[in-house]
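Residue numbers run from 1 in the order of the sequence given. Treat the numbers as computed from the prediction; the structure is a model and nothing was measured.
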Amino acid sequence: MTEITPSFFNRELSWLEFNQRVLNEACNRDLPLLERMKFLAITAANMDEFYMVRVGGLKIIASQGVTSLDPAGMTPTEQLEAIRKRVRQMVDDQYACFHEIEERLADASLRRLRPDQLSERQRHTTEHIFDSEVFSVLTPMAVRAEDPFPLLMNQMLHLAVQLAGPEDNPEAYRYAVIPLGKVLGRRVTLSTDRGHVYMLLEDLAIAFLERFFPQEQILASAAFRITRNADFTLRDDLAFDLVTDMQGILNARKHGDCVRLEVSHSATPELIAFLKQRLEIAYDDVFIVPGPVDLAGFMSMGDVAGFDSLRYEAWPPQTSPRIDPGTSMFRTIASGDLLLYHPYESFEPVLRLIEEAADDPDVLAIKQILYRTSRKSPIVAALARAAQKGKYVTVILELKARFDEARNIEWATNLEEAGVQVIYGVKGLKTHAKVCVIVRRESHGIQRYVHFGTGNYNEMTARIYSDASLLTCNEELGADAVAFFNAITGYSQPQRFQKIEAAPLGLRGKLLEMIDAEGQYAKQQQDAFLYAKLNSLVDPELIQALYAASQAGVKIALNIRGICCLRPGVPGLSENITVISVIDRFLEHARVFHFHHGGDDRVWISSADWMPRNLDRRIELLVPVEDFDCRGRLMNILQTYFRDNVKAFKLKTDGSYERVGARRKRQVRSQQELYLEVCKAVKEAEQSRQTTFQPHRAGGND
């Protein structure tokens, strides 16, 4: 009997395959060594969040006895078992990769030293550092059987120490824990005649452990850290004070159940048993790692001075050829819609627009949504300055942006003190749309300038995330943007928009309508195709719509960086669907869609992935790009990704991914192609300006 293949991949296992693709980059020996270490650190950081949120949530569901099946036909318990098996293999691969990278870094004179590898001079140096800094900062905590276990901070490195018992009963082991904290750096730089050498803080502390426990017999010690369940959500429809209740959520995370224990291989069985018992964690969730605990901490290796040959060649963001530094952003946008594609093009024009608006006496109001921002956000500073100058400034600030809640609470307080009207969004929904509206008085009347984006208002991540920005003063888009804000901030019922669509009301329906329209064109024997670039594709209804379109003959090409629950290439179901994933130096974050629509190409940008949470439980935007040049450029950008045969992976019917590989002589690396195209456009624009303004030479021919 033939086994029926489920129509959907499991979401969690699909995410793990995404993390594997990132790990593949870390294992790629063609990449510079420090870039490989960065990719490896990213895989570890990704896994941290996966355990805190996804595994933590699954554990809660499984503990409640839930046995319902996900779209892939798996129960919560079955998902957890499959996750553990896949993660263990991935951890083995991570550490094999780490040791190989570290060995090659040592050959390049960037070395990590263990205590037994120190020279006499380095030994004296480490002793001085320990005595003057480490010993005074760290505090050991005795852990007695009769006492409650101390509250350990999530994701923080600790040392576990096993001590011999009293003389009359030396096997009555005693234990202590030393939190390593966040004040001291993970890497301790040591003197050397050549290159750069360092020691890890945990190794330094272990080397002088007897200073913490004089006249005690130390039997074993090991670095460890725990991962707590952070899957706590706020029922803001029941919250009396949203800020106070969100602070309660942050506090609850500090006490969440331990869902993973990572411990160094130097730990004895007794030490592991002690931690396992006191942390109340199953052995299946204990990971004994053959190397340093917390590979995410090696992200800072990229900051080591020098060693430029071990990094990527710099790709500095370019200034769009449409933008003249001497011309105001208002005049630039008034001359026509402007599309920026970051980080190839600088995010600076977006910052400039908001800063100019803050200081322009003709600007009456600024309305903006903030989801995630940088620690020293110039946009937040500009909004506060605008309010202090008497402008009407409204900010919808999403307090529920996961793991940025504390920062957003602080920004909310600062903005309110500056006179900004701060609104925390809609109860029961997370506000994830990216939009800013500037209302300006001009000679012809009131003019609205709008920025729509696929990424956050964060100038730091805009250097490493690929995102699209549309700057426009189109009347209909401006009216829609204002109506959109009013629907969020007031009690008004959302009106039907002229151009845009918003979740959770019309966005899903619009996507289904456009997918179905392609199917109708295909049934009429017309050309029918759609291209979509997303971070994740999970929503069952949209996946079924794509299957139906494929069966009707629509050619569908999907570029999905992360989770994809759609199974491509199944005869009779999805043979017309191909899925690729591009993993390269920049994180692919833009959501861009192109529907052929019978030759009347429809192109959209969006803040929303195709997931139930985005379409049903978040406020999101879908924005048409109708300007001929902007639309054509986005269509070309999509095609560039689908031509990638260097950094693209293709999703196979069995759920595995294979590198696309060059089938032609010319290799196409999409991110490099996009950067070179921008550089070329900037160069041509500069040459054109020089030609246009070249001074007339006396005596020359006219």
Is the count of non-hydrogen atoms from other residues, nucleotides or ligands lying under 6.0 Å from [X] atom [atom1] greater than 12?
X      : atom1 : value
Tyr392 : OH    : no
Lys38  : NZ    : no
Arg441 : CZ    : no

Pair [X]-[Y], side-chain donor/acceptor within less than 3.5 Å:
X      : Y      : result
Thr43  : Asn19  : no
Glu626 : Asn474 : no
Gln421 : Glu416 : no
Ser469 : His451 : yes

Can any side-chain N or O of [X] pair as donor or acceptor with the backbone N or O of [Y] at less than 3.5 Å?
X      : Y      : answer
Lys391 : Val363 : yes
Tyr457 : Cys436 : yes
Ser607 : Leu621 : yes

Is [Y] close to [X] at the side-chain level, that is, under 4.5 Å between some pair of heavy atoms?
X      : Y      : result
Asp337 : Leu339 : no
Thr489 : Lys367 : no
Leu31  : Phe39  : yes
Ile464 : Leu587 : no
Trp604 : Leu634 : no
Arg311 : Glu35  : yes
Tyr641 : Lys533 : yes
Val592 : Ile637 : no

Which atom names give the shortest non-hydrogen contact between Leu566 and Leu651, and what distance separates them?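 Smallest interatomic distance, heavy atoms only, reads O-CD2, 3.7 Å.
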Least distance between heavy atoms, Ile500 atom then Asp480 atom: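 Looks like N-OD2, 3.0 Å.
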Just say parallel, tilted or perpendicular for the rings of [X] and [Y], cut-offs at 30° and 60°.
X      : Y      : answer
Trp610 : Phe593 : tilted
Tyr531 : Phe642 : tilted
Tyr449 : Phe330 : perpendicular
Tyr465 : His589 : tilted

Check Ile438, Thr472, Val482 against Arg448 for a side chain to side chain contact (heavy atoms under 4.5 Å, CB included) and give me the one that passes.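 In the set Ile438, Thr472, Val482, the residue that makes a side chain to side chain contact (heavy atoms under 4.5 Å, CB included) with Arg448 is Val482.
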Which of these, Arg561, His432, Arg618, Arg591, sits in a side chain to side chain donor-acceptor pair (under 3.5 Å) with Asp609?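 The option that passes is Arg591.
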Taking the six-membered ring for Trp and the full ring for Phe, Tyr or His, determine whether the centres of His342 and Phe586 are under 6.0 Å apart.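 No, the ring of His342 stays outside the 6.0 Å limit from the ring of Phe586, centre to centre.
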Measure the spacing between [atom1] of [X] and [atom2] of [Y] and express it to the nearest 0.5 Å.
X      : Y      : atom1 : atom2 : result
Arg496 : Leu505 : CZ    : CG    : 11.5 Å
Leu534 : Thr454 : CG    : OG1   : 11.0 Å
Glu501 : Met514 : CD    : CE    : 8.5 Å

Tell me whether Asp601 is salt-bridged to Arg631, with the criterion being a basic N under 4.0 Å from an acidic carboxylate O.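 Salt bridge: no.
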